[in-house]
Every structure is written in structure tokens, then in C-alpha cells.
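In what follows, a single structure is set out as C-alpha cells and then discussed.
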Amino acid sequence: MKLKDVIAALDAEVVYAEDTEKEISGGYCGDFLSFVMANAPAGCAWFTVMSNHNVAAVAALTEVGVTILCEGVEPDDQLKAKAVGRGLDLIVTAKPVYEAVKALAL
């Protein structure tokens, strides 16, 4: 699925998206950053409600395809700046995590 399709399916607000034609493969749900670092596959959609600057470090380390902040959680200013500065795709959806995952799984 392309990033643009993820954005459309989730009716998401784009904080930063470098290439909306990029392929997103699979997904990972998690808020414990150490679990995400150990288990999120590269290129996946990472669903979370964490919104601080540490999210950018984990996204970069794991090479996730896009970080999706769910439940209308807004990124803090540091996270926004790091996403843009590091070229990390970051979007926000009002959907709860379960509903967001379901929207992409169908």
C-alpha cells in the first residue's frame, strides 16, 4: 500500500510526508519504545499514541515507513521539527488505534 493510500484511508493530517508514493509494508502497534525498537519491521506503519521527540529517534532507528499518531494525539513541537529535519514521515489520525489498523487491514 502506498503512503498516500494510508493517508486517505485514515483521513489523516500530514505532519510530514517526503514521498507519498512510497510503499508501506505491514504494521506495528506499540507505545513501549523499547518494544518498537526490537520488533517494528522496516518500512511498516507504526501506530502509536506517543507524541514526544523520542518517537523520532525510534522511527529513525527502526526505519519505519510512517509513524501514525492515533486518537487525535498531536505531536509536540520537538517531534514535528525532528520529523521534518530527519525526513521521517509522520501523520495524525483521529481514529483509535484499533480502528486505524482495521481501516488499513481491509
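Hydrogens, waters and symmetry mates play no part in the numbers below; they use all other heavy atoms, side chains included.
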Would Asn52 and Leu79 count as a side-chain contact (heavy atoms from CB on, under 4.5 Å) here? Give the steps. CA-CA 6 Å; Asn52 64 46; Leu79 176 53; over 6 Å; no

How long is the gap from [atom1] on [X] to [atom2] on [Y], to the nearest 0.5 Å?
| X | Y | atom1 | atom2 | value |
| --- | --- | --- | --- | --- |
| Phe32 | Met50 | CZ | CE | 9.5 Å |
| Asp5 | Glu21 | CG | CD | 8.0 Å |
| Ser51 | Lys80 | OG | NZ | 10.5 Å |

[Y] backbone acceptor or donor facing [X] side chain under 3.5 Å:
| X | Y | result |
| --- | --- | --- |
| Trp46 | Gly30 | yes |
| Thr93 | Leu10 | yes |
| Lys22 | Lys2 | no |
| Asn39 | Phe35 | yes |
| Glu63 | Ala42 | no |

Closest heavy-atom contact between [X] and [Y]?
| X | Y | answer |
| --- | --- | --- |
| Leu104 | Ala9 | CD2-CB, 3.7 Å |
| Met37 | Val58 | CG-CG1, 3.8 Å |
| Tyr16 | Ala83 | CD2-O, 3.9 Å |
| Pro96 | Cys70 | C-CB, 4.3 Å |
| Ala45 | Ile24 | N-CG2, 3.6 Å |
| Arg86 | Ala60 | NH1-CB, 4.0 Å |

Single-linkage hydrophobic cluster Ile7~Val84, side-chain heavy atoms < 4.5 angstrom: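 Not linked; separate clusters.
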
Is Leu88 reachable from Val36 through a run of hydrophobic residues whose side-chain heavy atoms are each under 4.5 Å from the next?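 Each belongs to a different hydrophobic cluster.
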
Only one of Val15, Leu69, Val14 clears side-chain contact (heavy atoms from CB on, under 4.5 Å) with Ile91; which?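 The residue from Val15, Leu69, Val14 that satisfies side-chain contact (heavy atoms from CB on, under 4.5 Å) with Ile91 turns out to be Val14.
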
Exactly one of Thr67, Val66, Val6 should register a side-chain contact (heavy atoms from CB on, under 4.5 Å) with Asp89. Which one does? Val66

Is there a side-chain contact between Val64 and Tyr28 in this structure, where contact means two heavy atoms from C-beta onward sitting under 4.5 Å apart?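 No - every pair of side-chain heavy atoms lies 4.5 Å or more apart.
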
Checking Val92 against Glu74 for the side-chain contact (heavy atoms from CB on, under 4.5 Å) test, could you report, in this order, the C-alpha distance in whole Å, the side-chain angles of both residues, the deciding distance, and whether it holds? CA-CA 7 Å; Val92 175; Glu74 292 290 332; 4.0 Å; yes

Are Glu71 and Lys95 within salt-bridge range, i.e. N to O under 4.0 Å? no

Might you work through the side-chain contact (heavy atoms from CB on, under 4.5 Å) test for Val101 and Cys29, ending with a clear yes or no? CA-CA 8 Å; Val101 171; Cys29 301; 3.4 Å; yes

Side-chain donor-acceptor pair under 3.5 Å between Thr48 and Asp31, yes or no?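 Side-chain D/A pair, Thr48 to Asp31: present.
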
